[in-house]
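Notes follow the structure.
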Amino acid sequence: MGGSARNPGGLEGDDAPGQSPYQRLSQRMLDITGDRGVLKDVIREGTGDLVTPDASVLVKYSGYLEHMDKPFDSNCFRKTPRLMKLGEDITLWGMELGLLSMRRGELARFLFKPTYAYGTLGCPPLIPPNTTVLFEIELLDFLDSAESDKFYALSAEQQDQFPLQKVLKVATTEREFGNYLFRQNRFYDAKVRYKRMLLPPPPPPALLLLHRRLAPPEEQHLVEAAKLLVLLNLSFAYLKLDRPTMALRYGEQALIIDQKNAKALFRCGQACLLLTEYQQARDFLVRAQKEQPFNHDINNELKKLASYYRDYTDREKEMCHRMFAPCENSSTAGER
């Protein structure tokens with residue numbers, strides 16, 4: 001999205017008489033506000049649904065003044081752009097309206113008239129008064145948080161009356177937020193987001209969001225499946241935070257739901273290994289290997305565990321080697 005590659009501020013053919021570059025560009029752009037205040041030119045089509053109001057978006061953007069090649073504002077230098085909420089983190093009216101017209105993966109160029117940008121005053125010293133600005137925006141992803149925001153604004157009693165399918169949608173949204181934070185290596189923030197699904201913050205005292213749902217028997221498995229994903233992610237986050245006791249606790253809670261879950265067994269094994277509970281670690285890892293015999297991560301962890309048995313006699317070492325021998329043609333168990 002670099003400005004120099006496509007020369008967005010100056011554009012091509014700036015020497016055409018009688019019109020400025022932005023005037024020429026505007027003639028081939030789509031009017032998305034009806035008053036030509038926000039004009040759009042799609043550079044690359046996106047897929048899926050349009051961005052929803054109140055969504056949190058992951059975008060790359062660069063803003064340009066006319067006749068200038070370098071952006072006055074850009075987040076493209078960031079290795080990982082941060083998630084921004086419409087109406088809160090994104091306050092430029094034109095950008096918000098532009099994003100509402102976009103789909104995942106879309107790259108588009110927008111012209112914002114002053115009313116939809118920085119107004120009659122501009123933004124000294126960078127933006128002069130009454131200035132039309134150009135933004136190139138790439139929508140990487142977005143999360144629809146409207147249902148989640150609505151849910152957490154309710155009292156505990158009102159939350160209990162929320163339809164189950166909507167609660168599960170809230171749970172999915174919260175987990176996706178947590179996953180986004182996890183991918184940014186913000187493990188503490190990810191842990192807080194995951195736990196929000198199980199334990200809402202005060203004033204509701206210790207009322208568990210998913211645990212307190214009294215779903216009909218034919219739908220209870222949906223609640224359990226949502227809880228399982230959160231518990232697995234919490235266990236993983238605590239491992240990253242070097243808190244194996246908590247990782248083990250949430251891993252064991254996941255095993256209450258699914259006693260043969262390979263990821264839960266694997267993470268419990270990892271936690272026990274960090275706690276130097278070697279026999280317990282072996283028990284968990286052998287059970288995990290039974291569920292996924294060719295899993296690379298499980299077998300490597302078993303191999304690591306075997307290294308702690310170096311004080312055995314030669315015969316015991318040989319037995320241990322056979323016991324912990326890793327399988328070949330394996331695949332990863334680390335993904336959430």
Side-chain angles (χ1 to χ4, degrees), residues 171 174-175 178-179 181-183 185 187-188 190-195 197-199 208 210-211 220-336:
E174 291 299 302
R175 181 166 52 83
N179 290 350
L181 294 167
F182 193 101
R183 288 191 293 269
N185 294 327
F187 304 122
Y188 180 85
K191 177 262 297 183
V192 170
R193 200 82 196 201
Y194 293 141
K195 292 185 76 171
M197 298 169 58
L198 300 177
L199 183 60
L208 302 183
L210 291 172
H211 285 282
Q220 186 60 32
H221 71 283
L222 299 175
V223 177
E224 296 297 298
K227 286 164 54 178
L228 178 62
L229 292 174
V230 181
L231 293 168
L232 289 172
N233 284 2
L234 274 168
S235 181
F236 200 10
Y238 275 114
L239 284 172
K240 292 292 188 179
L241 290 168
D242 197 24
R243 296 180 61 184
T245 300
M246 294 300 294
L248 179 60
R249 176 184 300 179
Y250 284 109
E252 289 178 329
Q253 287 184 32
L255 289 173
I256 293 174
I257 298 174
D258 181 2
Q259 62 181 350
K260 294 185 177 182
N261 188 280
K263 287 184 179 180
L265 292 165
F266 176 64
R267 286 168 194 164
C268 286
Q270 286 181 299
C272 289
L273 189 58
L274 291 172
L275 292 167
T276 67
E277 297 287 347
Y278 300 134
Q279 183 59 47
Q280 195 176 4
R282 176 192 175 277
D283 292 342
F284 279 121
L285 292 171
V286 168
R287 288 169 60 190
Q289 188 187 55
K290 183 179 179 181
E291 299 303 321
Q292 294 186 6
F294 303 107
N295 190 293
H296 178 80
D297 290 329
I298 294 172
N299 291 312
N300 273 356
E301 206 72 6
L302 278 165
K303 186 176 180 180
K304 183 192 303 183
L305 181 60
S307 68
Y308 291 98
Y309 288 78
R310 291 171 180 168
D311 294 333
Y312 279 12
T313 65
D314 290 341
R315 181 180 176 184
E316 288 171 327
K317 286 182 179 180
E318 180 61 24
M319 292 174 62
C320 185
H321 175 73
R322 290 198 301 269
M323 182 184 300
F324 295 128
C327 300
E328 298 179 354
N329 301 323
S330 50
S331 59
T332 184
E335 296 180 0
R336 288 167 294 127

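One finds the CG atom of Leu285 at 11.0 Å from the CG atom of Asn300 (value rounded to the nearest 0.5 Å). Going from atom NE2 of His221 over to atom CD1 of Ile257 covers 13.0 Å, rounded to the nearest 0.5 Å. Taking CG from Asn299 and CZ from Phe294, the interatomic distance works out to 9.0 Å, rounded to the nearest 0.5 Å. Atom-to-atom distance recorded for Ser235:OG and Met246:CE is 10.0 Å, nearest 0.5 angstrom. Taken from CG in Leu248 to CG in Leu273, the straight-line distance is 12.0 Å, to the nearest 0.5 Å. Rounded to the nearest 0.5 Å, atoms NZ (Lys195) and OH (Tyr250) are 3.5 Å apart.
Lys191 has its side chain within reach of Leu234: a pair of non-hydrogen atoms, C-beta onward, lies under 4.5 Å apart. A heavy-atom distance below 4.5 Å is not found between the side chains of Glu301 and Asp297. At a threshold of 4.5 Å between non-hydrogen side-chain atoms, the residues Leu274 and Leu239 count as touching.
Nearest approach of Tyr194 to Val230, heavy atoms of both residues: O-CG1, 3.4 Å. For Ala271 against Ala247, the heavy-atom pair with the smallest separation is CB-CB, 4.2 Å. When all heavy atoms are compared, the tightest approach of Gly251 to Ala264 is O-CB, 3.9 Å. Nearest heavy atom pair, residue Arg193 against residue Glu174, reads NE-OE1, 2.9 Å. Closest of all the heavy-atom pairs between Gly178 and Ala190 is O-CB, 3.4 Å. Here the closest non-hydrogen pair linking Cys268 and Leu255 is SG-CD1, 3.9 Å.
Listed by chain and residue number, nothing satisfies the ring pair (Phe, Tyr, Trp, His ring centres under 6.0 Å) test with Phe284 (two or more places apart in sequence, or in another chain). Among residues two or more places apart in sequence or in another chain, the salt bridge (Lys or Arg N to Asp or Glu O under 4.0 Å) test is passed with Lys290 by none. Taking the salt bridge (Lys or Arg N to Asp or Glu O under 4.0 Å) definition, one finds that Glu277 meets it with nothing, sequence neighbours left out. Legend: residues meeting side chain to side chain contact (heavy atoms under 4.5 Å, CB included) with Leu229, ordered by chain and number and at least two apart, are Arg175. Take Asp258 and apply the side chain to side chain contact (heavy atoms under 4.5 Å, CB included) test, not counting sequence neighbours, and it matches Leu228, Lys260, Asn261. Applying the side chain to side chain donor-acceptor pair (under 3.5 Å) test to Glu291 and every residue at least two apart in sequence or in another chain returns nothing.
The main-chain N or O of Leu305 is never found under 3.5 Å from a side-chain atom of Arg282 such that the two would form a donor-acceptor pair.
Phe236 and Phe182 have their aromatic ring centers within a separation under 6.0 angstrom.
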